[in-house]
Amino acid sequence: MKHKLLAAAALLTTTVPATDAWAQKTRGKIEDAEIEIVKERVNELPEATRNFEKVKIEAPAKTGEAVGYTYPDFRLPADKLNPSVRVLTIRQEELAPLTGNYLKAALGNYGTAYGRAYLHNTRSETASYGLDFQHLSSSRGPVDKKNSSQAQTSLGLNGETYSGPVALGAKIDLGRERYNFYGYNRNVADLPTQDSIKQVFKRAAIKVYARNRAQDAAFQYDFGLGFNYWSDYYQARESNVYATLRSGYRLGETSRVSINGDVSFLSHKDSLTVSRPFVQVTPAYEVTLNRLALSVGATLGYTGDTIGKARQFNAYPAVRVAYTVTEDKFVAFAGLGGAIQRVTMYDLTTENPWLAPNVRVADTRRGPTLYFGFNATPARALQVNARVTLSNDRNLYFYNNSRRDSSKFDLVYDPKATQLINVHGEIIYNAAEQFRLGLKADYNGYNVKTLAKAYHRPAFQSVLFGTYNLYDKLLLGAELYTYSSSYGTGYRRPTTVGLPFEAVVRPTDTVIDLNLRGDYRIMENLSIFALGNNLIGKKYERFLNYPVKGINVLAGVTYDF
């Protein structure tokens, strides 16, 4: 299973190493996302009472998005575990001048090789541009050596120019990923060859955008236009042209109107050619009355999906109420909402790369949805947050082993609505960036009607994480992940000749995964690092028939310039 490999990738690729924070020192301007990851300093939450946040469906993780704590690269890869545990973004203090340039290289067991080059222009008032190249591969894996090898290579280019209050930018992401369907039956005389079970994904994403940089302007906007392309080894193709808008207009000191919208025109070619248009808009009126913040609106959405009996046009309320019980200490909130979540093969294959050919993809309709919870900072360095969400979902996808080939997975849907209860809680202690300790946990209860189980969706997920900075010379970090068992389907040979294989619902393993990392600065621009993943050593199966790597270790160097 690729996820131990990607765990190392996540450890290495989602953030500038801690030693970068020590060594960089000149004039560059680093991207916002990179700054959030590695340079956070001030533990400052946004004002929850002014931040309207729609209820969102748990969607496949986007590989480009970064997590905002000191060691986000400890996170197990989202494309394997799809955690709903989220680590809050910590706002950073003013940075010293940086170049933002570094080179990384590492080697590990399982024949693992890793390299990364991140190059960015120096800090500028007029423009920002850069390049990010990454490669990670393992020549061997947990099953039959080369038959479970894998490799990922990506190249990202970005640029942004500033003209008065307007920022214009563009992003290009290219990628190639190689996996193998190694979840085959090994109790046979002849095992498959590596080339007979391979899967290759190619990805390309282009986005141009414009946004308002003037924070005091009455009209705020962020508009993007993009194109995503995806293909696989079996000649499947997906093209998606999309546009996004996030906007708001201030009516006065305490009120504003907002309009958020998404449009997507998707074409998928496999054994069939399918077109899937999608449009969704959420207008809302927001007002703050002393300690009470209120947002009232509606979400109107249409999708061209024809799978199942889910409606194509949907209308949901978009209401949120927040009350500040104690200023800067405790905010309670509740809301009623819903939305259509766009689902694409581009995203699904980052979550599960072993999908079968010709799967049927549908957008998920979530709503109506009720949620409530609180955000609290009972002490200066302590954050406590909790949320409960009750939703009614249609066309929520599940992964189940294919009857045609149990080493591949079909997307399956319950013809009836699936009720979901999500309970989320988190506690984070952050002591001046020297020591950080946190616990996050999610419980997801799926009430499926027709399906035997909520296939490959674990009910419980948690992460316990901590980091320690010793004299700005040695940085240590650890994360412990747990995921409860979920379910897949195995197929048993019948005792009577001529009968079909019998489907047997089987539980997957419970996941307990420990990751450790250390970074040590040798010189001003040179540091070494070592990281270990799955140090408990259990080759558990997150997806049925796909055991992960055992203990795997990477060690390497980072050079900043």
Side-chain angles (χ1 to χ4, degrees), residues 9 12-40 62-68 72-73 89 91-105 114-136 152-176 202-215 217 220-229 241-246 346 525 558-561:
L12 291 162
T13 60
T14 57
T15 183
V16 178
T19 50
D20 298 339
W22 303 322
Q24 296 166 334
K25 62 181 178 54
T26 53
R27 306 165 309 285
K29 176 172 180 177
I30 210 165
E31 294 181 41
D32 291 341
E34 294 291 330
I35 293 174
E36 285 187 349
I37 298 174
V38 301
K39 295 295 181 181
E40 61 267 13
K62 307 296 190 301
T63 56
E65 294 180 356
V67 191
D73 45 6
T89 297
R91 187 175 300 175
Q92 102 244 11
E93 66 182 9
E94 187 66 23
L95 296 175
L98 300 172
T99 64
N101 300 326
Y102 64 89
L103 302 175
K104 296 171 69 85
Y114 169 76
R116 184 175 184 181
Y118 183 86
L119 307 176
H120 202 278
N121 70 312
T122 56
R123 186 166 291 146
S124 169
E125 296 295 329
T126 59
S128 171
Y129 51 88
L131 173 151
D132 188 0
F133 173 81
Q134 302 179 55
H135 174 79
L136 179 66
Q152 299 88 36
T153 303
S154 66
L155 172 65
L157 303 172
N158 66 85
E160 189 173 86
T161 62
Y162 314 115
S163 177
V166 179
L168 301 176
K171 296 179 180 180
I172 300 176
D173 293 296
L174 306 174
R176 183 185 186 276
K202 296 179 181 179
R203 307 177 190 274
I206 302 173
K207 181 180 180 181
V208 294
Y209 60 89
R211 59 182 174 85
N212 191 349
R213 298 177 62 235
Q215 298 299 318
Q220 299 289 329
Y221 63 89
D222 188 337
F223 174 77
L225 181 65
F227 172 75
N228 288 352
Y229 175 81
V241 179
Y242 68 91
T244 62
L245 174 66
R246 302 294 179 264
Y346 190 103
N525 294 338
T558 302
Y559 176 70
D560 301 277
F561 58 97

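Predicted model only: the values in this text are computed from it and were never measured.
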## Note on the structure
Sequence neighbours excluded, the answer for ring pair (Phe, Tyr, Trp, His ring centres under 6.0 Å) partners of F227 is none

### Query
Is the backbone of H120 close enough, under 3.5 Å, to the side chain of N101 for a donor and an acceptor to pair up by distance?
yes

### Task
Please round to the nearest 0.5 Å and tell me the distance separating atom CG of D222 and atom OH of Y209.
8.5 Å

### Query
Is the closest side-chain heavy-atom distance between F561 and L103 below 4.5 Å?
yes

#### Entry: Carboxylate-amine/guanidinium proximity below 4.0 Å for K207 and D173
no

### Message
Measuring only between side-chain heavy atoms, which start at C-beta, is N228 closer than 4.5 Å to R203?
### Response
no

### Task
List in chain and number order the residues that pass side-chain contact (heavy atoms from CB on, under 4.5 Å) with A214, two or more places apart in sequence or in another chain; answer none if no residue qualifies.
P165, N212, D216, A217

### Task
Could you go through the side chain to side chain contact (heavy atoms under 4.5 Å, CB included) check for F133 and T153 one step at a time?
CA-CA 8 Å; F133 173 81; T153 303; 3.7 Å; yes

### Query
Can you name the closest pair of heavy atoms from Y346 and A204 and give their distance?
CE1-O, 4.0 Å

### Summary
The reported gap from CG in L131 to CG in N121 (rounded to nearest 0.5 angstrom) is 12.0 Å

### Close side-chain approach of S163 to L168, heavy-atom, < 4.5 Å
no

### Message
Contact between K104 and Y118 at the side-chain level, heavy atoms closer than 4.5 Å - yes or no?
### Response
no

#### Entry: Side-chain heavy-atom pair D132, R116 within 4.5 angstrom cut-off
yes

### Query
Between F223 and R246, is there a cation-pi geometry (under 6.0 Å to ring centre, at most 45° from the normal)?
no

#### Entry: Test side-chain contact (heavy atoms from CB on, under 4.5 Å) applied to A167 - qualifying residues, sequence neighbours left out
E160, Y162, R211, R213

